[in-house]
Amino acid sequence: MIEMDKAFDFKTAQSRWYATWEAAGTFRADPKSPKQPFSMSLPPPNITGNLHMGHALAYSLPDVLARLKRAQGFDVAWIPGVDHAGIATQIIVERKLKEEGTDRHQLGRDKFLERIWAWKEQNQLDIENQLRRLGASLDWSRKRFTMDPDLNRAVRKVFVEAYAQGRIYRGPRMIQWDPVSRTALSDLEVKHVERQGKLWHLRYPLADGAINGVGDIVVATTRPETMLGDTAVAVHPDDERYTHLIGKLMNHPLTGRQIPLVADGFVDPAFGTGCVKLTPAHDPNDHAAGLRLNLPSITVIGFDAKMTAEAGAYAGLDRFECRKKIVADLDAGGFLVKIEDHTSQVAVSDRTNAVLEPLVSEQWFMNVKDAAQQALQVVREGRITFTPQHHVAVWEHWLNNIQDWCISRQLVWGHRIPAWTCGDCGHLHVELEAPIKCAECNSTKLEQDPDTLDTWFSSALWPFSILGWPDETTDLKRYYPNDVMCTSYDIIFFWVARMVMSGLTWTDQVPFKQVYFNSLVRDESGAKMSKSKGNVIDPLEVMDEFGTDALRFTLISMSAPGTDIALSRTKLESSRNFCNKLWNAARFVQINLTDEVTLNVEPELGEAEFWMIGRMRDVIQKVTAALDEFRFHEAADLLYHLVWDDFCATYIELAKVNLTHGTPAQKAAILHFLDILLRALHPMVPFVTEEIHEAVLSDRLAPGESKLLAERGWPLDHPVLAKQGGDASLIPRLQDILSAFLRLKAENGVDPAKRVAAACTIIELAPFAEALKAIARLESVDFTRGDLASPTRVVGVVSGGTIALELAGLKDPVAEKAKLEKEREKLLKELEPLRARLADESFVTKAPEAAVAKLRGQAEEKEARLDQILALLR
RNA sequence: GGGCGUAUAACUCAGCGGUAGAGUGCUACCUUCACACGGUAGAAGUCCCAGGUUCGAAUCCUGGUACGCCCA
């Protein structure tokens, strides 16, 4: 027999079991199995990352589902993988090159890619092993990487077909340019941050001299450096201050160019002076206005964020340096009217935090308007459900306002765009495979587009590409659509929306039926974890300090849908203590077992057993229902109290006599209960339960049962749970009087360990005399219907009777009377609203019968207690 | 500017039409033969504010206030 230590050694347990499960193939899906399939795709973590607390949560919750479904008899396919994370990865490897004194341009595209692949191999292993440490029951035989050859094939197929259908097109458009990573970004990768800046008021002189005494137009701008590209000044058409000047020309203060005053509705008359300069090449609003008004566009800032040749004297300057110089020059020239402080929203890159430059550039785009409508439809129709539901509102808003998606990136790391341009005739070929020669002119001078696709382009295909799409594979037929997608709500647009759109477009099916959005994990004061704040809690450290099970249980029990999680040490301690409690309960059971006690022995059931069975049946039913609806916190809470309060505090205490001196049949009952509890808890705390299972149960199983708890069934239909019998009210009443005895002792200053004689009027509990004596430390218990009041006894009132302790020397009649009077007052106070409500005609007639009956029951109970107190006081 | 969410015990949070709960902390006591990562008893709350609906509201509705997040 394996000896169990006094405290659960989680370190040993969590390093042993994963390898065992993996070797046994416990988590491997089997398409040939007669079982019903249940499938999920792991949101692929970036290869750049270490496991952080967000992952720990996002992967613990689906693991609960995967383990539950496996236990319920499903063929579970939970498929892992990692994401190549285009920008993030390239930034990291480029940083490494910089440390080595080189860069990607020196290295060249091919060598640079080699470096990234090498780095990826190592990092992928790290993150995969971290997932194993977390206990995530993934089918590693099906693991994927977003840049695997067959996933690349899926990407190319989608690109080529979408191009043929006109969904994908190329063209010059204004995009957000990240000058640090030197790539275009999609709107979603742009973050708007509030920055303290200035508002410069600049004078643009009217070319034909003053009109009505007004010699110039004053514009307000937050970006003076772009004025070199101004091709107009705009006002609101209804702004009466300026209507008479519309169409007049101005002299540009720096370039000397003449530009007109134009009117356009986008101008906010309340902003600054009501006049804004128009720079179509460097501002999205100006760009749109420029197109509407047919204005020329002059690009003065380049892709390196430096001023171009068009900037004349300022050419070559960094954009922010240029700003300073321009302001100084304007000031010197008398064109600077004033400078105000101004907070403005600055667009920065989500990844690099670089201030973005809106630039017109040749990029690839995807029109997703139709797909968006379909995505809206399937959610409205309930073909995909969201938990929590309130995310539907955001979903609706975003998809209804969706813009074309800029999918090309000027990066090396990613899926290369399958487009080739003919060097001779300029024809564009979008093909699955590299063409040998130009179909138009037979030239062999074909050059592939150097750009790669947005990382999310391949992620969007994840649920079906990992199953072998576009081939009609066995896996695709069986595991697609996925049943559940568990992910974070912060990537609802980046990922979830795009998966739904591409799933509908390319497979004509929803990619998954239910989406569960997990919360974000915050620190204990509710602040977002960030490296700069220094409040990051590392899940790897937590697993070392408190155990993986404690971490998982904490995250699960705090996962109430819709609220973020404030992770705290105390909560982790509490979960660790819970695992230890379970461990010790099992240890106590194990110590008292003899070899002949096995799960094959028909258990002998008494009152306590029937009560415990009832509790387990009730709780496990509720847990099953809660997990079905993603109410993880509720499931965890129910099991916590089932183990701690019902099994440990109540049942084991009552069963101690049987456990230590009972027959094998009596002990078998306890063994069955432990078996049921372990199976119910395993999805949440797999390591401690598997460890206990090995120590206590693996030698006592029925023939044919797996020795691995991870392979055993969900206990809901366990035959022992179906047993009925006994008087369900007995144990709660016993608990009540136990507590009352202890309270009487405490109130009267009796040492809890001191054994005193006791009496009780509830004679139905006489069979529990031994347990009562042991738990409440009583000398004896006299069960009698008679009056317990006596000069030597202190008396207490419980539900349905009275109890007494023989305290000859210790009794203080005055204090006792005072206590009873106090209780009488308390009862009267509690009864007051009850009596009032029951006397209320409208309540009794209008409220549902059950509500009235319940209240009446409560009132009767209290009245009875009051009667007993009054009798004792007489 | 628009949208979403949250306000409940000292702290972190459940509950979301029948009259308030958990974990932690706090107070007192207990090293009792599974567990001090334990046990027993106890104190602790105008359920953010103001209206409304209802026999009845922490719970539903309306309007505030505060905080958080998302979008523009």
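Lettering of chains follows the sequences in order, A, B, ..., and the numbering in each one begins at 1. None of the values given here were measured: they were computed from a predicted structure.
Considering only residues two or more places apart in sequence or on other chains, A/Asp9 meets the salt bridge (charged side-chain N to carboxylate O under 4.0 Å, His left out) condition with none of them. Taking the salt bridge (charged side-chain N to carboxylate O under 4.0 Å, His left out) definition, one finds that A/Glu573 meets it with nothing, sequence neighbours left out.
Rounded to whole Å, the distance from OH on A/Tyr489 to P on B/C71 is 11 Å. Rounded to whole Å, atom P of B/C37 lies 16 Å from atom CG of A/Asp9. Following rounding to the nearest Å, A/Leu654 (CG) and B/G39 (P) show an atom-to-atom distance of 16 Å. When the P atom of B/C37 is taken as reference, atom CZ of A/Phe10 falls 13 Å away, rounded to whole Å. Counting to the nearest Å, the P atom of B/C33 and the CD1 atom of A/Ile652 are 16 Å from each other. Between A/Gln389 atom CD and B/G3 atom C1' the separation is 17 Å, expressed in whole Å. Here the P atom of nucleotide B/G5 and the CG atom of A/Asp490 are 18 Å apart, to the nearest Å. The distance between atom NZ of A/Lys622 and atom C1' of B/A14, rounded to the nearest whole Å, is 15 Å.
Side chain of A/Arg576, nearest nucleotide from B/A14, B/A34, B/C37: B/C37. Distances were taken from every side-chain heavy atom of A/Ser842 (C-beta onward) to each of B/G15, B/G5, B/C55; the shortest belongs to B/C55.
Annotation: A/Phe10 is not in aromatic contact with A/Phe687 [ring centroid separation under 6.0 Å not met]. In this structure, the ring of A/Phe553 has its center less than 6.0 angstrom from the ring center of A/Phe578.
The cationic group of A/Arg576 does not satisfy the cation-pi geometry with A/Phe546, failing either the under 6.0 Å distance to the six-membered ring centre or the 45° limit from the ring axis. Annotation: cation-pi pair A/Arg380/A/Trp395 absent, no NZ/CZ under 6.0 Å from the ring centroid and within 45° of its normal. A cation-pi arrangement is present between A/Lys656 and A/Phe588 under the rule of less than 6.0 angstrom and at most 45 degrees off the ring axis.
If you take atom P in B/A50 and the same atom in B/C55, they sit 23 Å apart, rounded to whole Å. Taking atom C1' in both B/C70 and B/G56, one finds a spacing of 38 Å when rounded to whole Å. Here, B/A34 and B/U12 have their P atoms 38 Å apart, quoted to the whole Å. Rounded to whole Å, the P atom of B/C37 lies 16 Å from the corresponding atom of B/C33. Atom name C1', nucleotides B/U54 and B/U19: the rounded distance is 14 Å, in whole Å. Straight-line distance between the P atoms of B/A20 and B/C47: roughly 11 Å, to the nearest whole Å. As rounded to the nearest Å, B/G17 and B/A58 have P atoms that lie 13 Å from one another. Using atom P as the reference point in both B/C69 and B/A22, the two lie 32 Å apart (nearest Å).
Looking at A/His282 and A/Glu357, their side chains come closer than 4.5 Å, going by heavy atoms from C-beta outward. No side-chain heavy atom of A/Asp628 sits less than 4.5 Å from a side-chain heavy atom of A/Thr624.
Counting non-hydrogen atoms under 4.0 angstrom, A/Gln345 reaches a base of the nucleic acid. Across all strands shown, A/Lys656 has heavy atoms under 4.0 Å from base atoms, whether or not it also approaches the sugar-phosphate. Among the heavy atoms of the strands lying under 4.0 Å from A/Cys648 is at least one base atom, whether or not backbone atoms are also near. Residue contacts for A/Glu396: at a heavy-atom cut-off of 4.0 Å it reaches no nucleic acid atom on any strand shown.
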Just the table, please: protein N/O against nucleotides 41-45 of chain B N/O, every pair under 3.5 Å.
from  : atom 1 : to       : atom 2 : distance (Å)
B/A41 : OP1    : A/Ser739 : OG     : 3.0
B/G42 : OP1    : A/Arg743 : NE     : 3.2

Give every pair of a protein N or O atom and an N or O atom of nucleotides 17-19 of chain B that lie under 3.5 Å apart, one pair per line with the distance.
from  : atom 1 : to       : atom 2 : distance (Å)
B/G18 : N2     : A/Arg837 : NH2    : 2.6
B/U19 : O4     : A/Arg837 : NE     : 2.6
B/U19 : O4     : A/Arg837 : NH1    : 2.5
B/U19 : O4     : A/Arg837 : NH2    : 2.6

Taking only nitrogen or oxygen atoms into account, show me every contact under 3.5 Å that the protein makes with nucleotides 23-32 of chain B, one pair per line with its distance.
from  : atom 1 : to       : atom 2 : distance (Å)
B/G23 : O2'    : A/Ser574 : OG     : 3.1

Dot-bracket encoding per residue of RNA chain B, Watson-Crick/G-U cut-off under 3.5 Å, | denoting interstrand: (((((((..((((....[..)))).(((((.......))))).....(((((..]....)))))))))))).

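Residue A/Gln389 qualifies as open at atom CD: its count of foreign heavy atoms under 6.0 Å is 12 or below.
Both A/Phe493 and A/Met558 sit near RNA chain B, but only A/Met558 has its closest nucleotide nearer the 5' end. Taking for each of A/Ala7 and A/Ala585 the nucleotide of RNA chain B with the nearest heavy atom, the 5'-most of the two is the partner of A/Ala585.
Between A/Glu849 and A/Lys854 there is no salt bridge, since none of the side-chain N atoms of the basic residue sits less than 4.0 Å from a carboxylate O of the acidic one. A salt bridge between A/Arg615 and A/Asp618 is present, with a side-chain N of the basic residue lying under 4.0 Å from a carboxylate O of the acidic one.
Using cut-offs of 30° and 60° for the angle between ring planes, the A/Phe630 and A/Phe632 rings count as tilted. Ring geometry for A/Phe386 versus A/Phe517: interplanar angle over 60°, hence perpendicular rather than tilted (30 to 60°).
The side chain of A/His391 contributes no N or O atom lying less than 4.0 Å from OP1 or OP2 of B/G5.
The minimum heavy-atom distance between A/Val267 and A/Gly274, with the atom names listed, is CG1-O, 3.5 Å.
Between the side chain of A/Lys6 and the base of B/C35, no donor-acceptor pair under 3.5 Å is found.
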Please determine whether side chain to side chain donor-acceptor pair (under 3.5 Å) holds for the pair A/Asn518 and A/Ser488, giving the CA-CA distance in whole Å, both sets of side-chain angles, and the decisive distance to 0.1 Å. CA-CA 5 Å; A/Asn518 61 254; A/Ser488 293; 3.3 Å; yes

